[in-house]
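To find a chain, count down the sequence lines: A is the first, B the second, and so on, and within it residues start at 1.
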Amino acid sequence: MSLETQGRAWQEYSKGLWRENPIFAMVLGMCPTLAVTNSAINALAMGLATTFVLVGSSTLISLLRNHIPKQVRISTFIVVIATFVTVADYTLEAIAYDIHKELGAFIALIVVNCIILGRQEAFASKNTVFYSIMDALGMGSGFTFALLLLGSSREILGSGSLFGIDLFGPHYEPWVIMILPPGGFIMLGLILLGFNALGEWRQRLRDETRTGEAA
Amino acid sequence: MSVELEGSKQAEPSAFRLVGTLGLAGLVSGFAIVGIYVATLPKITANKKAALQHAIFEVVPGAAHTQALRLSDEGRMVPDPEEEAPAVYAAYDESGAFAGYAIPAKGPGFQDTIALIFGYRPAEHAITGLRVLESRETPGLGDKIVKDQAFVEQWGKLRFDPSAAPPVLELVKGKASNPHQVEAITGATISSRSVTKIVNKALAERTPQLPEPGSEPPLAGGGGEQR
């Protein structure tokens with residue numbers, strides 16, 4: 001693998017983590033983001049299931065990209081995505097029955113998560129398999145990371161625990177609103193605020209360095 | 001020029017090719033879905049059964065074996081060794097003596113159907129335990145019917161008077177003063193009421209169908225599920 005390929009692969013991967021993070025930067029896939037992040041374990045399972053579907057679909061779509069007529073591409077993408085979602089659904093029910101019960105309909109709803117169809121249309125259908133996988137892995141990791149951040153903070157505040165482990169003892173009065181739907185909106189808003197503030201601060205830092213260099 | 005030619009060629013693939021692509025995608029997808037369904041079915045069935053089995057052992061203290069019963073055409077509970085339509089589970093202790101029934105029941109909750117199972121000993125008219133199997137109650141409030149220890153544990157000590165007019169169990173706010181009273185959870189009154197209603201309804205329906213105390217169906221020889 002040449003240095004250039006390596007560099008581009010890293011770029012395709014890392015953009016999903018931060019710069020083009022599906023939740024923090026593109027604000028896509030809000031339905032599972034708000035619905036299943038009431039505990040860290042649910043967020044993690046949802047993130048991993050979505051990553052699996054994303055990587056599988058991107059690989060296949062990228063492999064077949066020259067054979068799918070563009071008039072039927074969206075329908076073909078949906079068939080491919082729906083198949084991977086069904087596989088993920090049954091697999092999860094077989095290996096992690098309790099988590100599957102908790103996530104309920106939201107696993108099946110990965111089909112309509114616009115992050116996945118979006119990546120097929122914007123990336124996998126135009127790029128080689130290797131870069132498509134890197135892109136899908138990056139977006140999946142970014143999505144999982146964002147869900148986990150949201151899920152952990154909501155579980156800590158709303159249930160006083162993390163991954164089901166009690167953190168504060170019996171005298172902690174849980175802030176129940178945080179694990180209810182409004183808590184999802186409040187927490188997501190706060191995290192988006194923090195994310196944008198951080199981005200702005202980094203931008204200013206970069207500008208200052210440049211001005212300093214110019215002078 | 002060549003770009004244009006390629007563009008016009010791609011813009012108009014034959015209808016056959018379009019249908020063929022989608023048909024092939026559907027066919028492959030169909031095989032993949034059926035494949036994963038068949039591959040995971042035994043494990044999923046086993047998971048469901050294990051979850052149910054675990055719940056039965058929890059609601060009937062001392063249970064070590066179970067046997068499914070179904071409703072016969074005469075309206076009585078009879079052994080259902082094939083588990084075709086299990087309606088009630090009879091539980092037996094280590095020695096094979098009858099320990100109690102586990103009765104599954106369903107009913108409307110605050111948001112969605114609540115499915116639960118409770119233990120019942122007809123001789124003493126006693127509820128011996130209760131577990132919620134499926135629910136989508138509000139996290140943090142309604143889901144206390146699953147997570148609130150005090151609420152769950154009180155179901156292990158309930159007794160009712162069989163001669164009283166149904167519903168035999170009564171939901172109360174605050175302290176229960178009678179063995180047939182269920183203490184509602186503060187902040188989850190509707191979910192608590194749903195659970196009580198479901199149990200009352202199931203008791204009214206099932207108790208007349210159960211065999212007379214003392215004539216419970218014996219544990220099928222060597223059969224039944226073991227702990």
task: With a 4.5 angstrom heavy-atom cut-off, could you sort out which part of B:S29 is near chain A: side chain, backbone, both or neither?
output: both
query: Who wins among A:T86, A:I68, A:V80 for the most heavy-atom pairs under 4.5 Å with chain B?
result: A:T86
- request: Specify which of A:T83, A:V176, A:T76, A:L64 makes the most heavy-atom pairs with chain B at under 4.5 Å.
  value: A:T83
- request: Could you tell me whether A:K15 atom NZ has more than 12 heavy atoms of other residues or ligands within 6.0 Å of it?
  value: yes
- prompt: Considering residues, nucleotides and ligands other than B:F110, do more than 12 of their heavy atoms fall under 6.0 Å from its CZ?
  reply: no
message: Please enumerate all residues that pass side chain to side chain donor-acceptor pair (under 3.5 Å) together with A:R19, with sequence neighbours excluded.
response: none
Contacting moiety of A:I179, where chain B heavy atoms sit under 4.5 Å: both
- prompt: If you take all heavy atoms of A:V79 and B:A25, which pair is closest and at what distance?
  reply: CG1-O, 3.7 Å
task: Measure across B:L133 and A:K101 and return the closest heavy-atom pair with its distance rounded to 0.1 Å.
output: O-NZ, 3.1 Å
statement: Listed by number, the residues in residues 31-46 of chain B that come under 4.5 Å of chain A (heavy atom to heavy atom) are B:A32, B:I33, B:I36, B:Y37, B:T40, B:K43, B:I44
Heavy atoms from other residues, nucleotides or ligands near CZ of A:F168 exceed 12 (cutoff 6.0 Å): yes
- request: Give a yes or no on whether B:E183 atom CD has more than 12 heavy-atom contacts from other residues, nucleotides or ligands under 6.0 Å away.
  value: yes
query: Looking at residues at least two apart in the chain, or sitting in another chain, which of them share a side chain to side chain contact (heavy atoms under 4.5 Å, CB included) with A:I99?
result: A:I41, A:A45, A:A96, A:L103
statement: All heavy atoms of B:N47 vs all of A:A94, minimum pair found to be ND2-O, 2.9 Å
message: Which residues pass the salt bridge (Lys or Arg N to Asp or Glu O under 4.0 Å) test with B:K173, not counting sequence neighbours?
response: none
field: Segment of B:L22 engaging chain A (4.5 angstrom heavy-atom cut-off)
entry: side chain
field: Contact summary for A:H67 and B:R17, nearest pair of heavy atoms
entry: O-NH2, 2.9 Å
